[in-house]
Amino acid sequence: MIVMKFGGTSVEDAKAIRNVTEIVKKEIPNHPVVVVSACAGITNQLLQSATLASEGKKDDALQLVASIEGRHKKIVKELFDADTAKFLYKHISQFAEELAALVNGVSILGELTPRSLDAFASYGERMSSFIIHHFFEAQKLRSFLVDARSFMITDDQYTKALPQFDIVERKLREIVQPKVANSYVVTTQGFIASTHNGITTTIGRGGSDYSAAIVGALLDAKDIQIWTDVDGILTGDPSVVKGAKKIKVMSFNEAAELAYFGARVLHPETILPAVKKNIPVHVLNSKNPGSTGTLIVSKPKVDKKCIVKSIAYKEGITLINIVSTRMFMAHGFLENVFDVFYKYKTVVHTVATSEVSISVTVDNVKFLPHIVKELRAFATVTTSDRKAIVCVVGENLKNSPGVAAKVLNAISDINVNMISQGASEINISFVVDEELVDSVVQRLHKEFFSNTSALPEIFE
Ligand code: ADP
Ligand code: ASP
Ligand code: MG
């Protein structure tokens, strides 16, 4: 079997859903499990309606719910004959009524918990999958709709719940596998999940990629296809750099680094389950299905001429500089510093150290005041926000002298706050002021990719 995941833009309207159906039809011999996202923009609107309700703006929240209902009904109208549409409208209205009830509840309480946010957010995927499943059936595909909450069992960390792999595997084998074996196209939702007790959770924004990878890995898929709105993983974010090239093949490690450093095209966690089982991941364009996309595998053939593969960036970063106040014999300093971050469950992105000083970057500043207070017991601490990390990625960086010099040379007039090269040696990352990030990425892209005649074959 294979897993085919369609992101928000791939299911954004009737035309997109028709495209998806044609793409899925071609893969029937490979027994696809289809994982869908909410229609583009709907998750944001659902969360916004929840926020409005909690702020006492109940009418605005209800208006938003009505517009979400309207958008889905329009899709139904454009996809189905009148009788089927009538039947489906009833269900869409039912979803909208449930959402309105949630709006009422939250506005009475005046409080919005992560658990309620997940309840709101789940409707996006539930509505899109409902429509897509029925369209598949109308197009004579043997679709079987499985509610992901029946198998994607997580803990109760609402809004970023952790899947419990052993249980998910058992449930997938019980619920999904027999349908696949029976030649059904299983249609299900990404992103949404459930606790043991049946309370709806979600696994983090952009999490449908992760859902797809989990399903693929646990059911030993031959291939995991991530269908999106660009031709594959590109040499830079196309919204920042013009003329970004497609990367034909890349390693799991490279893709993971890019994802962690902000390339939205893949959710950071996506890669892990696939890596463990050595399952290839294809990133493909649903608006251009003829393109071969990007293939991600554990060990692609190394092309010695290809040094830098892609440039990613992440905004909203805070830089923390920590200098030990005990100047000599500072053993235990690093341990003490990281203990504090561990205590507050705050992920550190990049680190640069000397014996008595350490610079780290974080994007989660929820506990920053507590962290700084505790660090100040044994160090001088300064923080600066509105920073961005820029990250140059390539498996071959480790064998290529002079890349860091080339990088710094291209931006020699820009103040770089911190530089770090990870132990994996496949990325060089550095911190700059957030307002300079577009220009830095554009200049680096020009440096490494503008000479198209000299570009290795791996780029297209
Ligand atoms: P989906 O809704 O299909 O999950 P996303 O919006 O999450 O799609 O991811 C696709 C988007 O990621 C692209 O439209 C593109 O703007 C952005 N992106 C950022 N960096 C890259 C990159 N290096 N390669 C390709 N796309 C990128
Ligand atoms: N719909 C969810 C989101 O917008 C999940 C996804 O699209 O991957 O975050
Ligand atoms: Mg995405």
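Because only heavy atoms are used, hydrogens play no part in the values below, and waters and symmetry mates are left out as well, while side chains stay in.
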Under a plain distance cut-off of 3.5 Å, with no hydrogens placed, do E27 and N30 share a side-chain donor-acceptor pair? yes
Is any side-chain heavy atom of T187 closer than 4.5 Å to a side-chain heavy atom of V146? no
May I have the step-by-step check of salt bridge (charged side-chain N to carboxylate O under 4.0 Å, His left out) for E137 and R142, ending in yes or no? CA-CA 6 Å; E137 282 196 324; R142 285 185 80 215; over 6 Å; no
On a heavy-atom basis, which atom in P273 and which in A213 lie closest, and how many Å separate them? CB-O, 3.8 Å
So does F136 get a backbone contact from the side chain of T21, meaning a donor-acceptor N/O pair under 3.5 Å? no
Got a sec, which residues hit salt bridge (Lys or Arg N to Asp or Glu O under 4.0 Å) with R264, two or more places apart in sequence or on another chain? none
With sequence neighbours excluded, tell me which residues meet salt bridge (Lys or Arg N to Asp or Glu O under 4.0 Å) with D363. K314
Would the distance check show the side chain of D81 and the main-chain N or O of D83 forming a donor-acceptor pair, the cut-off being under 3.5 Å? yes
How far apart are the C-alpha atoms of E254 and K309, what are their side-chain angles, what is the distance that settles it, and do they pass the salt bridge (charged side-chain N to carboxylate O under 4.0 Å, His left out) test? CA-CA 8 Å; E254 289 169 331; K309 282 246 175 87; 2.8 Å; yes
Does S429 offer a backbone N or O that forms a donor-acceptor pair with the side chain of Q421 under 3.5 Å? no
If we only count heavy atoms from C-beta on, is the D13 to C39 side-chain gap below 4.5 Å? no
Do any side-chain atoms of residues 192-206 form donor-acceptor pairs under 3.5 angstrom with protein atoms, and if so which ones, sequence neighbours left out?
| unit_1 | atom_1 | unit_2 | atom_2 | d |
| --- | --- | --- | --- | --- |
| T195 | OG1 | N197 | N | 3.2 |
| T195 | OG1 | G198 | N | 3.4 |
| T195 | OG1 | I199 | N | 3.1 |
| T200 | OG1 | R149 | NH1 | 3.0 |
| T201 | OG1 | T154 | OG1 | 2.9 |
| T201 | OG1 | A193 | O | 3.4 |
| T201 | OG1 | S194 | N | 3.3 |
| T202 | OG1 | D118 | OD1 | 2.7 |
| R205 | NH1 | N44 | OD1 | 3.1 |
| R205 | NH2 | N44 | OD1 | 3.0 |

Are any side-chain N or O atoms of S310 and backbone N or O atoms of T235, one a donor and one an acceptor, separated by less than 3.5 Å? yes
Looking at side-chain heavy atoms only, is the closest gap between V34 and V186 below 4.5 Å? no
Could I get the full list of ring-ring contact (aromatic ring centres under 6.0 Å, His included) partners for F144, not counting sequence neighbours? Y184
Using a distance-only test with no angle check, is there a side-chain donor-acceptor pair under 3.5 angstrom linking K58 and N104? yes
Check ring-ring contact (aromatic ring centres under 6.0 Å, His included) between F130 and all other residues, then give those that pass, not counting sequence neighbours. H91, F95, H134
With sequence neighbours left out, which residue pairs that include part of residues 1-11 fulfil the salt bridge (charged side-chain N to carboxylate O under 4.0 Å, His left out) condition? K5-D209
Which pair of heavy atoms, one from N427 and one from C391, lies closest together, and at what distance? CB-SG, 3.7 Å
Would you say V283 and T228 make side-chain contact, with heavy atoms under 4.5 Å? yes
Heavy-atom side-chain contact between Q189 and M152 under 4.5 Å: no
Here the pair of heavy atoms bringing S49 nearest to L46 is OG-O, 2.8 Å
For H445, give me all partners under ring-ring contact (aromatic ring centres under 6.0 Å, His included), at least two apart in sequence or on another chain. F449
Is there a donor-acceptor pair under 3.5 Å between the side chain of S93 and the backbone N or O of Y89? yes
Over all heavy atoms of both residues, which pair between A61 and A53 is shortest? Give the atoms and the distance, please. CB-N, 3.8 Å
Can you find a heavy atom in the side chain of F252 that is under 4.5 Å from one in the side chain of L272? no
Below 4.5 Å, heavy atoms only, C-beta onward: do T51 and L112 meet side chain to side chain? yes
The criterion is ring-ring contact (aromatic ring centres under 6.0 Å, His included); which residues satisfy it with Y313, sequence neighbours excluded? none
Compare all side-chain heavy atoms of L444 with those of V407 and state whether any distance is below 4.5 angstrom. yes
Under a 3.5 Å threshold, yes or no: a donor from one side chain and an acceptor from the other, between T361 and H349? no
Which residues satisfy the salt bridge (Lys or Arg N to Asp or Glu O under 4.0 Å) test with R18, sequence neighbours excluded? none
Can you check whether Y158's main-chain N or O pairs, donor with acceptor, with R115's side chain at less than 3.5 Å? no
Taking salt bridge (charged side-chain N to carboxylate O under 4.0 Å, His left out) as the cut-off, I'd like each qualifying pair that reaches into residues 156-173, sequence neighbours left out, listed once. E169-R173, R170-E174, R173-D220
What is the minimum heavy-atom distance between T43 and A38, and which atoms define it? OG1-CB, 3.6 Å
Just grab all the salt bridge (charged side-chain N to carboxylate O under 4.0 Å, His left out) pairs involving residues 123-135, residues at least two apart or on different chains. E98-R126
For K77, what residues pass the salt bridge (Lys or Arg N to Asp or Glu O under 4.0 Å) criterion, not counting sequence neighbours? none
Can you name the closest pair of heavy atoms from D155 and A161 and give their distance? OD1-CA, 3.5 Å
Can you list the steps and then say if Y344 with L368 is a side chain to side chain contact (heavy atoms under 4.5 Å, CB included)? CA-CA 9 Å; Y344 290 100; L368 192 59; over 6 Å; no
